[in-house]
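What you see below is based on every heavy atom in this structure, not just the backbone, and it leaves out hydrogens, waters and symmetry mates.
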Amino acid sequence: MLLIEAGGSHRYARDYVAHVVFGEFLGLEFRIIQTNRPGWCIKCAGRRGELLLPDDFFSMPARMWLGHESLPNPPLAQWSYCLDDGHSSFRGILPVLFCQGESRLGRLTVAADSVRLDIDVLGTIFFMLSRYEEIILDQRDLHGRFPGGASLAARCGFLLRPVVDEYVEVLWRCMRLLWPDIVRKSSPGTVHVGCDVDVPYDCDARDGWRVLVSSVRDLIRRKHGGVIAKRVRNHLASRRGDYSLDPNHTFDWYMDACDKAGRRAAFNFIAGHSAGAVDGCYRIEEPRILSLMGHIHRRGHELGLHASYNSFRDGGVIRQELERLAATCHHNGIGADIIGNRQHFLRWDAAETADHLDEAGLEYDATGGYADLPGFRYGTGKSFSMWSWKRQAALKLRQRPLIMMECTIMSARYLGLGHGQEAADMMNKLKQSALEYGGDFSFLWHNSNLQHGVERELFLSLL
Ligand SMILES: [Zn+2]
């Protein structure tokens with residue numbers, strides 16, 4: 001049992017970060033003791049020794065809390081460390097987000113009965129997991145999203161690193177210096193793959209009218225006649241229930257690949273149109289979609305919610321869409337439990353979206369990445385209980401951070417690396433980084449981006 005002595009300010013936030021770090025990530029029993037002593041002090045019941053950590057973040061003057069002047073100021077100091085426990089050494093360089101007063105050049109002091117680590121590990125982790133900066137900064141892109149490029153992690157060059165996991169590892173190694181036989185929960189990370197079903201089929205081939213309208217459009221644009229012929233053939237085959245000619249109908253290939261790699265994919269469906277056409281051209285009640293959802297469920301893959309464009313600040317919309325998806329499955333004999341979600345366009349408001357998803361009864365969300373940049377928005381690949389700014393407490397809802405979306409890397413709208421070696425290297429590097437400290441690698445790959453051999457090869461390499 002660990003005894004964690006913590007200062008009195010921001011008690012609920014301190015409880016939260018201790019719960020995630022010591023309880024969820026390290027799997028240790030702990031108790032928090034409120035003190036007036038400055039800094040964090042971690043002891044092990046019935047054992048000698050204490051681990052001392054500074055308390056720069058939570059002990060800031062109350063007037064600064066959630067204000068611009070409380071944000072770290074780039075460029076950040078870098079701490080080059082080497083932790084040696086006699087068996088192995090663990091070394092690296094960590095960005096230092098919070099550091100008041102002197103520069104604390106040593107940062108690590110090991111004595112017989114104490115270890116002093118002069119890095120505010122717990123304050124930094126709260127800063128990352130709560131998305132503190134996203135509450136303060138008002139930059140937003142065209143879709144109202146906080147841009148990855150505006151994050152401290154991107155500006156200081158650590159977005160591609162699971163910096164929270166690295167901080168936890170340093171903390172753990174310091175605890176091991178004091179109590180060499182202490183045991184933590186250890187589980188290797190895994191790969192989570194998800195598919196947001198934005199465009200399940202070629203919408204222009206859905207019915208005769210759409211085929212006609214799109215063909216006229218293509219003629220005006222002087223497109224190759226083959227495009228129109230293909231669409232007509234797809235339309236006629238689809239009417240007979242044969243979807244093999246539809247370029248977006250890659251679901252069986254997707255599931256075969258996941259089965260072979262031992263992965264259970266989550267297919268997230270849009271169950272409402274809060275923003276009209278931007279929420280896709282299908283309805284989940286269509287026979288074709290019902291049959292697809294039943295097929296996915298029977299094959300043992302997961303069905304999830306892809307909450308629509310305008311839902312991220314509207315709990316009522318999220319609840320309605322979840323109920324509609326669950327009821328549609330139920331009435332059609334699809335016995336799937338809908339427990340997961342990802343927001344369409346990754347639209348997210350750190351001040352409230354998690355609360356709405358939690359209130360709707362979802363167990364986890366997988367939105368946690370940026371559309372414009374891949375990497376670790378929360379500084380970790382591990383799933384964790386989300387912080388609620390409204391309730392000042394941990395939610396039941398867990399975040400399963402999204403480390404990359406395929407179009408962020410490939411599409412010209414974002415990084416524009418295409419399908420070549422540079423894209424493959426970046427994707428595989430992200431996977432490696434996510435798994436390095438026992439985190440998970442969660443990625444999103446749309447069914448509509450598997451039409452070419454190169455896309456399929458990249459997808460397979462990540463499974
Ligand atoms: Zn989407």
Side-chain angles (χ1 to χ4, degrees), residues 143 194-214 217 231 234-252 254-255 265-299 301-312 314-347 356-357 360-362 365-367 444 446-450:
H143 297 288
C195 172
D196 293 348
V197 185
D198 293 331
V199 198
Y201 49 74
D202 177 3
C203 293
D204 287 340
R206 188 167 74 176
D207 51 54
W209 173 248
R210 280 175 190 254
V211 172
L212 181 68
V213 170
S214 56
R217 181 196 64 205
R231 186 181 302 129
N234 176 18
H235 169 66
L236 295 173
S238 296
R239 277 173 53 165
R240 299 191 305 270
D242 170 7
Y243 306 126
S244 61
L245 299 180
D246 195 297
N248 293 346
H249 192 83
T250 57
F251 298 100
D252 277 306
Y254 203 120
M255 288 187 280
F267 292 86
N268 305 317
F269 284 82
I270 301 176
H273 292 80
S274 59
V278 78
D279 287 317
C281 72
Y282 71 95
R283 290 180 313 112
I284 48 170
E285 293 83 0
E286 284 170 29
R288 180 172 180 169
I289 299 298
L290 288 175
S291 120
L292 174 62
M293 292 197 301
H295 184 55
I296 290 169
H297 177 63
R298 280 190 301 278
R299 286 197 59 165
H301 293 274
E302 182 182 342
L303 295 177
L305 178 67
H306 193 33
S308 66
Y309 189 85
N310 277 335
S311 68
F312 75 126
D314 193 331
V317 169
I318 289 175
R319 208 174 40 249
Q320 273 168 22
E321 293 179 0
L322 177 62
E323 282 170 6
R324 181 170 163 193
L325 180 58
T328 304
C329 286
H330 179 72
H331 291 138
N332 290 280
I334 305 167
D337 270 342
I338 312 294
I339 60 167
N341 171 69
R342 188 182 287 115
Q343 294 294 122
H344 192 32
F345 278 69
L346 309 185
R347 291 185 100 205
H356 300 317
L357 296 167
L362 284 151
D365 173 79
T367 310
L444 156 58
H446 295 85
N447 56 293
S448 46
N449 277 335
L450 288 171

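- In this structure, the side chain of Asn447 engages the main chain of Asn248 through a donor-acceptor pair within 3.5 Å.
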Does the side-chain contact (heavy atoms from CB on, under 4.5 Å) test come out yes or no for Ser274 and Asp314, once each step is laid out? CA-CA 10 Å; Ser274 59; Asp314 193 331; over 6 Å; no
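- Residues Glu321 and Gly272 come closest through the heavy atom pair OE2-CA, 3.6 Å.
- In this structure, His143 places its NE2 atom where more than 12 heavy-atom neighbours from other residues, nucleotides or ligands lie under 6.0 Å away.
- If you take OG on Ser311 and CD1 on Ile270, they are separated by 10.0 Å, rounding to the nearest 0.5 Å.
- Between Arg210 and Arg231, every side-chain heavy-atom pair lies at or beyond the 4.5 Å cut-off.
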Side chains of residues 331-340: which donor-acceptor pairs under 3.5 Å do they make with residues two or more places apart or in other chains?
from   : atom 1 : to     : atom 2 : distance (Å)
His331 : ND1    : Ala327 : O      : 3.1
Asn332 : ND2    : Thr328 : O      : 2.7

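- Rounding to the nearest 0.5 Å gives a distance of 3.5 Å between CG of Asp252 and NE2 of His295.
- Checked for salt-bridge contact, Glu286 and Arg288 miss the test: no charged N lies under 4.0 Å from a carboxylate O.
- With ring centers used as reference points, Tyr309 lies under 6.0 Å from Phe345.
- To the nearest 0.5 Å, the span separating OG1 on Thr367 from CZ on Phe312 amounts to 11.5 Å.
- Here the shortest heavy-atom pairing between Asn310 and Arg347 reads OD1-NH1, 3.1 Å.
- Smallest separation of non-hydrogen atoms from Leu357 and Gln343: CD2-OE1, 3.6 Å.
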Under the criterion side-chain contact (heavy atoms from CB on, under 4.5 Å), I'd like the reasoning laid out for Tyr254 against Cys195: C-alpha separation, chi angles, the key distance, then a yes or no. CA-CA 9 Å; Tyr254 203 120; Cys195 172; 3.4 Å; yes
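- For the atom pair OG of Ser448 and CG of Asp246, the computed distance is 10.5 Å after rounding to the nearest 0.5 Å.
- Thr250 approaches Pro247 most closely through the heavy-atom pair CG2-O, 3.7 Å.
- For the pair His273 and Ser308, the minimum side-chain heavy-atom distance is 4.5 Å or more.
- Atom NE2 of His356 sits about 6.0 Å away from atom CD1 of Ile318, to the nearest 0.5 Å.
- In the model, Asp198 has a side-chain atom that pairs as donor or acceptor with a side-chain atom of His344 under 3.5 Å.
- Between Cys203 and Tyr282, the closest side-chain pair of non-hydrogen atoms is not below 4.5 Å.
- Taking the ring centroids of Tyr243 and Phe251, they lie at or beyond the 6.0 Å cut-off.
- With hydrogens and angles disregarded, no donor-acceptor distance shorter than 3.5 Å links the side chain of His301 to the backbone of Ile296.
- Under the 3.5 Å distance criterion, the side-chain polar atoms of Asn341 are left unmatched by any main-chain donor or acceptor of Gly304.
- Here the shortest heavy-atom pairing between Ala360 and Leu322 reads O-CD2, 3.4 Å.
- Looking only at distances, no side-chain donor or acceptor of His249 sits under 3.5 Å from a matching main-chain atom of Ser244.
- Considering NE2 of His446 and CG of Asn268, their distance stands at 9.5 Å, rounded to 0.5 Å.
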Determine whether Arg217 and Val213 satisfy the following criterion, side-chain contact (heavy atoms from CB on, under 4.5 Å), listing intermediate values before the conclusion. CA-CA 6 Å; Arg217 181 196 64 205; Val213 170; 5.6 Å; no
